[in-house]
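Heads up: the structure comes next, in structure tokens.
Computed from a predicted structure; not experimentally measured.
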Protein chains: 2
Amino acid sequence: MSKREGARNLQSKLRPIINYSLTDQVETKLLELFKKEDLRNGDAIPKENELCEAMGVSRTVIRESLTRLKTIVLIESKKNKGMILTEPDLLIGLDKLLQPKILSEETLQDMFEMRLVLEMGIAELLFARIKPSDIADLKAILKTEKDYPALFEMDFEARFHGRIYEIARNNTLVRFQSMLLPIFKYVHDKGLKLKDEELPKNYVTHALIVKAIETGNPEKYRDAMKRHLKIHFDKTIKMRKLLE
Amino acid sequence: MSKREGARNLQSKLRPIINYSLTDQVETKLLELFKKEDLRNGDAIPKENELCEAMGVSRTVIRESLTRLKTIVLIESKKNKGMILTEPDLLIGLDKLLQPKILSEETLQDMFEMRLVLEMGIAELLFARIKPSDIADLKAILKTEKDYPALFEMDFEARFHGRIYEIARNNTLVRFQSMLLPIFKYVHDKGLKLKDEELPKNYVTHALIVKAIETGNPEKYRDAMKRHLKIHFDKTIKMRKLLE
DNA sequence: AAAATATAATATGTAATACATAATACATAA
DNA sequence: TTATGTATTATGTATTACATATTATATTTT
């Protein structure tokens, strides 16, 4: 039995001890408190000093825990006013993290694919909620686009596809997809370096997608979108294989 | 001109001043530093004391900024070792936030829909990557399920649908969807209270979805999944109207 | 000489205290 | 009655000191 194996064997008998810092414990207790007291959006929470006394730790520790919760916008603080629970923003923090440089290749790939998945899956909601005026809006966007397929003109992409989600009336998705765009561009560009691909012959432009929306149904939309995104689907499938 | 209008008029001339706290500024500077120095995953960052000196602020402020970055797992710290940049976890924090009680009805609805969108949109990746052994796995899962449609048995739902994402080989999605499940259940249950709905006659079970995967294509999968989720699609469309 | 053990050095974690600052409520004067 | 000044309060920032865990170095033991 090697030294390493011996250590692992011992470990299975003893289990490594985990040391939760005071801050960790306080954070947990705070979350428990909110739950137990059934505190809602807008409700005030105890003052820092009250928390210090109640838990018997320094204000330093309390404040570090609170900072964590403020970071995810679960609470907000105002001078003299105290702190309140807030409607947390699910996407907060994400914009700080969604930078190519700090994410692994695999996660980037995951997010790239996530956008593709969303574009395809939105169809049902899109058709359930679209109004005539929405079609007009989409056509207005088309007008501003150049005639040739502006495949990677981020502005156009953002505006057009963002509008799709807006029509589907899902605000979280609207914001999410706009965050994904830079990632998408990055992954795409990186893919391009591997092999310069040309547009497929039956490439579907935004205009054709609008047509599918106007005269079609979810299936037709998906068919158009799938072909619009085909180059990306091909790319991600190829690249995922490289990662393995 | 009313008092309120007057204030707004003044505001347009003066613009409200925004006061970035020291912590805010330090946080920004840190992020800039990481970018400028092109620091990557695993690279060490300066010691707390070095940062204090360099920026001329107290360790308190430095530490609060660092706490924020630690919260989103952009950096990690170890005693005596110092701090390093880490591969941040996009979904961290989300599990703290994804609790029905602290999210608004609208956001909950958004997330409910997001799951539906993902289930539908995953088809292409699913079929691009599925292997024969995956089919066998799915069938094994089916065996453990009861014969009747276990529509809201969370365990079954989680296992079955989670497996779908696993087959699609997108780990972020796997984790994301498992986080969404409690939300999904909550929103669904709340919807049930409004009106007790019965299963549609042509309800599609997991078994039928597997069949669509085994013998079909993305379109057939989506057709099956759409009918499997029909009750939920109907519900969200109805409920969104209520929110308006 | 090699391996195990003790010691020192270092960077983060926690505590305590003091003061700064912004927001509110209250008091005061025109 | 309204605008301005003042006090109060809770969070924000600074400073200092010490605790603790990890690494590196030195020492002892075999």
Any donor-acceptor pair under 3.5 Å linking the side chain of A:Asn170 with the backbone of B:Asp110?
yes

Does B:Lys78 place a side-chain N or O at less than 4.0 Å from the phosphate oxygens OP1/OP2 of C:dT10?
no

Check for a donor-acceptor pair, side chain of B:Thr236 on one end and backbone N or O of B:His232 on the other, with a separation under 3.5 Å.
no

Interatomic distance, B:Met83 CE vs C:dA11 P [rounded to whole Å]
11 Å

Dot-bracket encoding of pairs in DNA chain C, which uses [ ] for pseudoknotted crossings and | for another strand, Watson-Crick or G-U under 3.5 angstrom
||||||||||||||||||||||||||||||

Considering only C:dT24, C:dT12, D:dT11, which nucleotide approaches the side chain of B:Asn49 most closely?
C:dT12

I want to verify a distance call: between D:dT15, C:dT14, D:dG12, whose nearest atom is closest to the A:Lys79 side chain?
D:dG12

Over 60° means perpendicular and under 30° means parallel, so tell me whether B:Phe184 and B:Phe112 are parallel, tilted or perpendicular.
parallel

When the distance from CD1 of B:Ile62 to P of C:dT12 is rounded to whole Å, what number comes out?
11 Å

The residue, B:Thr60 or B:Lys47, whose nearest nucleotide of DNA chain C is more 5′ is B:Lys47

For B:Glu76 and C:dA11, what is the distance between atoms CD and P respectively, to the nearest whole Å?
19 Å

With a 4.0 Å cut-off on heavy atoms, is A:Ser77 in touch with a base, just the backbone sugar-phosphate, or nothing at all?
sugar-phosphate

Any side-chain N or O of A:Arg63 under 4.0 Å from OP1/OP2 of D:dG12?
yes

note: B:Lys81, atom NZ; C:dG13, atom P; distance rounded to Å ~ 15 Å

d(CD, A:Glu48; P, C:dA16) in whole Å:
15 Å

Ignoring hydrogens, what is the shortest heavy-atom contact between A:Glu48 and A:Arg63? Give both atom names and the distance.
OE2-NH1, 2.7 Å

To the nearest angstrom, how far is A:Glu50 atom CD from D:dT9 atom C1'?
12 Å

Using whole Å, what does the distance between atom P of nucleotide D:dA10 and atom CD1 of A:Ile75 come to?
16 Å

Over all atoms of both residues, closest heavy-atom pair of A:Leu126 and A:Ile164:
CD1-O, 3.7 Å

Any idea which heavy atoms bring B:Tyr165 and B:Arg115 closest together, and the distance?
OH-O, 4.2 Å

What about A:Asn80: does its side chain form a donor-acceptor pair under 3.5 Å with the base of D:dA10?
no

I need the residues from residues 22-30 of chain B with at least one non-hydrogen atom less than 4.0 Å from DNA chain D; give them sorted by number, or say none.
B:Leu22, B:Thr23

Using a strict 4.0 Å threshold on nitrogen-to-oxygen distance, state whether B:Arg68 and B:Asp24 make a salt bridge.
yes

Regarding B:Thr86 and B:Glu76, do their side chains bring together a donor and an acceptor under 3.5 Å, going by distance alone?
no

Answer yes when A:Lys47 and A:Glu50 have at least one side-chain N-carboxylate O distance shorter than 4.0 Å, and no when they do not.
no

Proximal nucleotide (of C:dT14, D:dA14, D:dT13) relative to the B:Val57 side chain
D:dA14

B:Asp43 side chain to B:Arg40 backbone, donor-acceptor under 3.5 Å:
yes

To the nearest Å, how far apart are A:Leu66 CG and D:dT13 P?
14 Å

